[in-house]
Amino acid sequence: MLYSEMHLPTGREVPSDAEVVSNQLMIRAGMIRKLTSGIYSYLPLGYRVIRKVEQIVREEMNKAGAQEVHLPMVQPAELWQESGRWNYYGKELLRFRDRNDRDYCLGPTHEEVITDLVRHDIKTYRQLPKNLYQIQTKFRDEVRPRFGVMRCREFGMKDAYSFDADEAGAEKSYEKMFAAYNNIFRRCGLKFRPVEADSGSIGGSFSHEFMVLAESGEDAIAFCEKCDYAANLEKAEIARPEKTEPGDGDRPALESVETPNVRTIDEVSAFLNVSPQQIVKTLIFNADGRACAVLIRGDHEVNEIKVKNFLGAAELELADDEMIFKATGAPRGFAGPVGVKVRVIADYSILGLADMVTGANRENHHLKNVNLGRDFAVEAFADLRVVQPGDACPRCAGEIKFARGIEVGHVFKLGTKYSKAMKAVYLDRDGREKTMIMGCYGIGIGRTAAACIEQNFDQNGIIWPMPLAPYAVIVTPVNINETEVMKAAREIYDELLAAGVEVILDDRDERAGVKFKDADLIGIPLRIVVGSKNLAQGRVELKIRKTGENRLYATSDICEEVRAIIAAELKTAV
RNA sequence: CGGGGCGUAGCGCAGCCUGGUAGCGCGCUUGCUUUGGGAGCAAGAUGUCGGGUGUUCAAAUCACCCCGCCCCGACCA
């Protein structure tokens, strides 16, 4: 492509409303434009990158046995009422009416439509398993769109849905997708980790988020520095500690101390001059209307998801003052396990503690020298706290560290949630009707492109890894008015074009500096600079965007060299 | 939904407090010079000052209402 003919409006100014680097660079590099909040247009350069991501996704999905379909974006309310989500999905679901006053929505996801499709056409176990996918525009009316195309309302997504006859098959389908996702993100040239995610009521560890590691990521992840264990903060497990006995010997007697207006851990710690590790936090939760006390060491935080899952509660929130008073007989801030009138569960961190400090269930009082067994009982111990850096890895001897990431993919075992609600059934070998088991697998296409930029940029602009680069090479004649220079540049350009290389010829009548800045900004991996001095010696220059390295080649060799580099970089990414 | 901020040329911004000819930088057009990291000089073009209502002799500027955008939080997965 000739630069002079491209629609590639680059900009020097950082747009005032663009917060993250990827958004700033995508706008400056002429990849995207914002139409309105959370809704973006892709310009030619940006769309080429999108198509690169899509192509990699397609190839790997096809390789994994999935088949591409294309489902409607406009979906009738009836389907959503059938699955129960018309009411549950909330405001993120954009609803509207047609001329006949029928209700519709814009698809934020396609479980309903795909399940409807499959239930009509699949009748027997002989037709299973199936995995269907599409690459399509989704609309989610996000409360607060942010970070450009990373968290927007209208966005391109690959979503795949698997249908299996039984659990074993569903597991196999999941594993295939898991493997395909690893291939996809590796081929995109991204540094990423699959992390275990909470799968809520569906159960099991059958949910993984694929996180691209980046400082600007919205999600925190916990990972092991030694093995490949990684999980999001809600999910990250903490192993039961080995030392669980506080040790023998007589313990000092229980003692009540007056602690006027001393409520928080920090206040108690300062007032009684004890470390937070010695204090036990007692939190009263409202689990489906029932109060439950959760004990945890003072320096830790309760993970509500873990509590909710452990209790099997549908709704869990911190209890209000009334419930706290009923349970403890004291206002907020003085709850403790001794004599509390509700069920008590405790985090593992309580094991091994002796002579603890707790609330006294009496206003303005705390207890000292509280000991498990002697002074209070616990119904169950469990992993109920939020992971912290430095915790032991639940899989190996390593240590947990934190990182930030951008969720670019999610694989999820759905079970029979939709197939049951929407009666997607088949006849098995014995002629019995059974419910299909589903999985769903999503990849944010635009988000993947943006995440790639978050990981690959410098002060001059984007640095595309070869697999996602909109063009592999830009040929830059330093001065187009020098006929020899322009002639050589054009010959190189023509030769690369003929060889099928994606190449730009920067034939603009601009100063060299302008062309260099633009080439850097849009992040083309390889730049061939044709200048009169080198050309007089039969040479051209090859500049590598990623390393900044400059090499000289004979004009006759440059195309072959460039093709070799491109091939090598695409190959290592596979 | 709560709190805060912003809206002036394509982009980035000043002007508003204290009402009186709409500005600056970049970009754009033309000419000359220049030509290896966002050139110089000269001459130009470009605005419903987000919209509406009000106050006033006079509103970008003051008041009220509306709209849009951004940030923080809440919510959501």
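Chain naming here is simple, since letters A, B, ... match the order of the sequence lines and numbering starts at 1 in each. The structure displayed is predicted, hence computed values, not measured ones.
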Look at [X] together with [Y] and state whether they make a salt bridge at an N to O cut-off of under 4.0 Å.
{"X": "A:K543", "Y": "A:E541", "value": "no"}
{"X": "A:E510", "Y": "A:K517", "value": "no"}
{"X": "A:E301", "Y": "A:K281", "value": "yes"}
{"X": "A:R508", "Y": "A:D506", "value": "yes"}

Output the rounded distance in Å from [atom1] ([X]) to [atom2] ([N]).
{"X": "A:N460", "N": "B:G37", "atom1": "CG", "atom2": "C1'", "answer": "9 Å"}
{"X": "A:F516", "N": "B:G36", "atom1": "CZ", "atom2": "C1'", "answer": "5 Å"}
{"X": "A:N479", "N": "B:U33", "atom1": "CG", "atom2": "C1'", "answer": "14 Å"}
{"X": "A:K517", "N": "B:G36", "atom1": "NZ", "atom2": "C1'", "answer": "13 Å"}

- What is the pairing partner of B:U34, taking Watson-Crick or G-U wobble pairs with both distances under 3.5 Å in any strand? none

Which nucleotides of [range] have their base under 4.0 Å from a protein heavy atom (B), which only their sugar-phosphate (S), and which neither (-), written as one string 5' to 3'?
{"range": "nucleotides 23-31 of chain B", "answer": "--BSS----"}
{"range": "nucleotides 71-77 of chain B", "answer": "SB-BBSB"}
{"range": "nucleotides 45-51 of chain B", "answer": "-------"}

- Task: Go through the side-chain N and O atoms of A:Y418 and A:E111 and say whether any donor and acceptor fall under 3.5 Å apart.
- Result: no

- Test item: side-chain donor near acceptor, A:N303 and A:E234, under 3.5 Å: no

- Under 4.0 Å: is that the gap between some side-chain N or O of A:S16 and OP1 or OP2 of B:C13? yes

Between the protein and nucleotides 2-9 of chain B, list every N/O to N/O distance that falls short of 3.5 Å.
none

- Item | Residue A:D520, side-chain heavy atoms: nucleotide from B:U34, B:G37, B:G38 that is nearest | B:G37

- Query: What residues, two or more places apart in sequence or in another chain, satisfy side-chain contact (heavy atoms from CB on, under 4.5 Å) together with A:A18?
  - Reply: A:P15, A:N23, A:Q24, A:I27

- Task: Can you sort out which residues in residues 30-40 of chain A have a heavy atom within less than 4.0 Å of RNA chain B? Ascending by number, please.
- Result: A:K34, A:T36, A:S37

- Message: With hydrogens left out and only the distance checked, is there a donor-acceptor pair under 3.5 Å joining A:K543's side chain and the base of B:G36?
- Response: no

